[in-house]
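Residue numbers count from 1 along this sequence.
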Amino acid sequence: MKSEDTPFVGGPLDGRVLPILLGPTGHPPKVYRVPVPDEAGGPPTVLVYRRVAKAGKRLGLHQGWTYEYDPEGDKAGPGLKWPWSKPGGAG
């Protein structure tokens, strides 16, 4: 499988560049979850990073991806959106 070195912005992984596996379309996953073990032995904390397109310096062309820290975690995502679903989630 192919991987791409992807920079992380914000949160505990700020400034790091990690190799991320690419999917069948050649893109990294939209959401990257990093489980962090609890020192007291409790359930792990999950850090959530969302994929953002990195614009190039010339003409704003796509130059790759970065992951930005999402402090809200999974609460910010509305879940799956189906074309036949009504707005507001009353599907």
Side-chain angles (χ1 to χ4, degrees):
M1 293 195 92
K2 291 181 85 177
S3 66
E4 180 178 296
D5 289 338
T6 309
F8 285 76
V9 178
L13 296 179
D14 188 28
R16 294 191 186 185
V17 177
L18 300 175
I20 305 295
L21 291 176
L22 304 177
T25 60
H27 299 292
K30 291 181 182 180
V31 178
Y32 191 75
R33 292 175 179 85
V34 182
V36 178
D38 186 45
E39 293 178 8
T45 302
V46 178
L47 303 174
V48 177
Y49 286 84
R50 301 210 182 268
R51 183 183 74 187
V52 178
K54 184 171 44 172
K57 295 179 182 177
R58 305 184 88 203
L59 303 173
L61 297 175
H62 176 74
Q63 295 292 318
W65 304 99
T66 61
Y67 278 107
E68 290 185 0
Y69 179 63
D70 183 3
E72 296 293 320
D74 290 332
K75 298 173 190 163
L80 292 176
K81 291 184 181 179
W82 300 103
W84 55 84
S85 298
K86 295 179 183 176

Through direct or indirect side-chain contacts below 4.5 angstrom among Ile, Leu, Val, Met, Phe, Trp and Tyr, which residues connect to F8?
L13, L18, I20, Y32, V34, V36, L47, Y49, Y67, Y69
Could you list the cluster mates of V17? Members are the ILVMFWY residues connected by side-chain heavy atoms closer than 4.5 Å, either directly or through other members.
none
Closest approach of D38 to P43 (non-hydrogen atoms, all atoms of both residues):
CB-O, 3.6 Å
Note: P44 and P37 closest approach over all heavy atoms is CB-CA, 4.1 Å
Would E68 and R50 satisfy side-chain contact (heavy atoms from CB on, under 4.5 Å), going step by step from the backbone distance to the final call?
CA-CA 5 Å; E68 290 185 0; R50 301 210 182 268; 5.7 Å; no
With a 4.5 Å limit on heavy-atom distance, are the side chains of L22 and P28 in contact?
yes
Approximate separation, where rounding is to 0.5 Å, of R51 CZ and T66 OG1:
10.5 Å
So does G23 get a backbone contact from the side chain of T25, meaning a donor-acceptor N/O pair under 3.5 Å?
no
